[in-house]
There are 2 protein chains.
Amino acid sequence: MATLSDVAKKAVVSKMTVSRVINHPDKVSDELRELVYAAMKELNYVPNVAARALVKKRSQVIKLLILEEMDTTEPYYMNLLTGIALELDKHHYSLQLVTRNSHAIGRCDGLIVTGMREEDYSSIISVLNQPVVLFGQNDKGYDFVDVDNRKGIKLATRHLIEQGFESILFFGIDLNEPFMAMREAGYVETMCECGLNPYIQLMKNSSHVSQSNAAAYLKTSRCKTAFVCASDRLAVGVVRAAQDLGLSIPEQVAVTGFDGVFLDRISCPKLTTIRQPIIEMGGECAKMLLQKIQQDGMKLGSCLFPPELIVRGSTV
Amino acid sequence: MATLSDVAKKAVVSKMTVSRVINHPDKVSDELRELVYAAMKELNYVPNVAARALVKKRSQVIKLLILEEMDTTEPYYMNLLTGIALELDKHHYSLQLVTRNSHAIGRCDGLIVTGMREEDYSSIISVLNQPVVLFGQNDKGYDFVDVDNRKGIKLATRHLIEQGFESILFFGIDLNEPFMAMREAGYVETMCECGLNPYIQLMKNSSHVSQSNAAAYLKTSRCKTAFVCASDRLAVGVVRAAQDLGLSIPEQVAVTGFDGVFLDRISCPKLTTIRQPIIEMGGECAKMLLQKIQQDGMKLGSCLFPPELIVRGSTV
DNA sequence: CATTAACATTAAAGCGCTCACATGAATCAG
DNA sequence: CTGATTCATGTGAGCGCTTTAATGTTAATG
């Protein structure tokens, strides 16, 4: 493995110049810079991350702290992880998966936190000395990345209205968190804009729960009904309820989900859903965090991704 | 942050002794060892991974090379990842996610490879200079970790026979890979042992494909039928086919899956499945790999995990 | 009691890199 | 032409750790 010294020798310059070409290319004359680049290429030089980390007093590790039950949200997180890991790799940072219990183990240069709930802010406060980016909206002033939840649900609701539905229910998750507030608001606003009555039901994020709730409603209702669901998981349950009752989808019952990560495609019929670009969002988390680390924890604000309506068999 | 020097000063020994206490505790007298431990505790000493990596010429990175389309197998991998990451963290190794295209980027001390197919062996051969452990059975002599596929399917088949089914089909995946051969063999063996006729159908690992195949079969069949599926995904399709035809589960149609990772629980009724302890298996991959790295690539053989039959509504 | 083997401990070098500082050349005001 | 100023480059120290080789200590041997 070629070292910085080897490159310096080959280019007949000092080690310092090589180091400078890597870290501050603009502070080196064009001539020398090209010389060094050529030598690096010829020797197939790859910087030694450990050596740099040692002198920079960095660990080159960033942690992903997952506060939710991983079991219940699994498919979603795989994409997040992928997005983060891909971006981090570009900068020779590596990702450490930690949970509520293990998050204090080992050093890191910063964290990405996901699944943060109201009650977590007090208990996890110790991590806030370090650079941190939250995955998921928050109203506490921390930098975060999220999808535009309100706009997403607006897209879904409007789509259902365009399909001619007038009885449109919202199935939400019974969590008092900003992302849910936004989704609910998107639904209510759109309904009001169109002069329709909102009807909201909150429940645990489980397909079995939404299935029984939807069944209970559909048994008493006579007209065609649409469900705006706050997650694909809830939507899956609604689809099953409709099928059990022999109601045709999407003619008598239409359903939209939210996430577009996995469940939307294994459902039958496939779900119309609001796709979150999770991989890209994960990448953005990583980018923001690395920038914060470089700028010594400076505040960067938030980043809201535009959601996308994916139309499939559950509505058309 | 306390350093090794600080500890040495506090314990009034040389740096060397402290280092030796960490790396070869048996080569230091009991008295000194305790002294050093006490000093370490008092100063809250944490070794600097980068410094160690620098002198040991290690990167402290291991890569997970995922050769399958991640999209189609997602929930499964999240567990694998978790298992690997958890074990690796204990040893201050970090995990880098790479794909077919990105696997050459950056250094690593070893790899775990998953989704390896027959045709990959030639193209990925360059990674085999380094310590490597495969996740998934192989007959090429590489160290691997897998679940006992044959035994798993045997459990499922026997369970169905015990439930009184005599017409039992096997829905397999059309891949010519060892894990599928094992699953098929487990089915055939058990059927023969019980004097029943095996009937095998291979297809793409898609719930929609298995749904239509199951539907085609069930339309012509008159007696109660059971399906041994090679994946939960296939099983989900079979369940849907039965429901579409108005056949009752598990009285007229019974189904078993394989994996027990995610789909088994969102299906309705929930699936009887063969659970693979993926998290533990991931941990074992990591352990094996770290041992190989330490022992300079020595061959370690394979590790087959016992599968577990989870009985749920799709069969009883 | 001197010699040596066996073991415990230390001093010092160096892993590959970056940084603060030193040096030297070129430019410009006066 | 001198001294100040700028810019490009080099020197050397040191990040925290492990390792080799050297040194000190003890116990066993003749």
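Computed from heavy atoms alone, side chains included, the values below leave out hydrogens, waters and symmetry copies. Throughout, protein chains are lettered first and strands after them, A, B, ... in sequence-line order, and every chain is numbered starting at 1.
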Original post:
Who are the side-chain contact (heavy atoms from CB on, under 4.5 Å) partners of N23(A), not counting sequence neighbours?
Top reply: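 Partners of N23(A) by the side-chain contact (heavy atoms from CB on, under 4.5 Å) criterion, ordered by chain and then number, come out as S19(A), R52(A).
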**OP:** Determine: side-chain N/O of N23(A) to OP1/OP2 of dT18(C), distance under 4.0 Å, yes or no.
**Re:**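 Looking at the OP1 and OP2 atoms of dT18(C), one of them is under 4.0 Å from a side-chain N or O of N23(A).
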Interatomic distance where [atom1] belongs to [X] and [atom2] belongs to [N] [whole Å]:
X	N	atom1	atom2	answer
H24(A)	dC7(D)	NE2	P	16 Å
Q60(B)	dC17(D)	CD	P	13 Å
L35(B)	dA8(C)	CG	P	16 Å
R52(B)	dT19(D)	CZ	P	9 Å
L54(A)	dC15(C)	CG	P	13 Å
R33(B)	dT9(C)	CZ	P	10 Å
R58(A)	dT18(C)	CZ	C1'	12 Å
L4(B)	dG14(D)	CG	C1'	16 Å

Subject >> Side chain proximity check, T3(A) to N48(A), heavy atoms < 4.5 angstrom >> reply: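 They are not in side-chain contact.
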**OP:** Indicate yes or no: at least one non-hydrogen side-chain atom of L81(B) is less than 4.5 angstrom from one of Y77(A).
**Re:**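 A side-chain contact under 4.5 Å is absent here.
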Subject >> Terminal helix-axis angle for the helix from dC1(C)-dG30(D) to dG30(C)-dC1(D), with five pairs defining each axis and rounding to 10 degrees >> reply: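 Axis-to-axis angle, ends of the helix: 60°.
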Original post:
Hey, are E280(A) and K287(A) close enough for a salt bridge, meaning a charged N less than 4.0 Å from a carboxylate O?
Top reply: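 Here E280(A) does not pair with K287(A) in a salt bridge, since their nearest N and O are not under 4.0 Å apart.
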Checking the side chain of [X] only, and the main-chain atoms of [Y] only, is there a donor and an acceptor separated by less than 3.5 Å?
X	Y	answer
Q96(A)	D89(B)	no
E118(B)	E177(B)	no
D143(A)	G301(A)	yes
R100(A)	L67(A)	yes

With the criterion being N/O to N/O and under 3.5 Å, what pairs connect the protein with nucleotides 8-12 of chain D, and how long is each?
from	atom 1	to	atom 2	distance (Å)
dT9(D)	OP1	S29(A)	OG	2.8
dT9(D)	OP2	S29(A)	N	2.8
dT9(D)	OP2	S29(A)	OG	3.2
dG10(D)	OP2	S14(A)	N	3.1
dG10(D)	OP2	S14(A)	OG	2.9
dG10(D)	OP2	T17(A)	OG1	2.2
dG10(D)	O6	R20(A)	NH2	2.8

Original post:
Do the side-chain N and O atoms of D259(A) and Y76(A) include a donor-acceptor pair separated by under 3.5 angstrom?
Top reply: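 Distance-only check fails for D259(A) and Y76(A).
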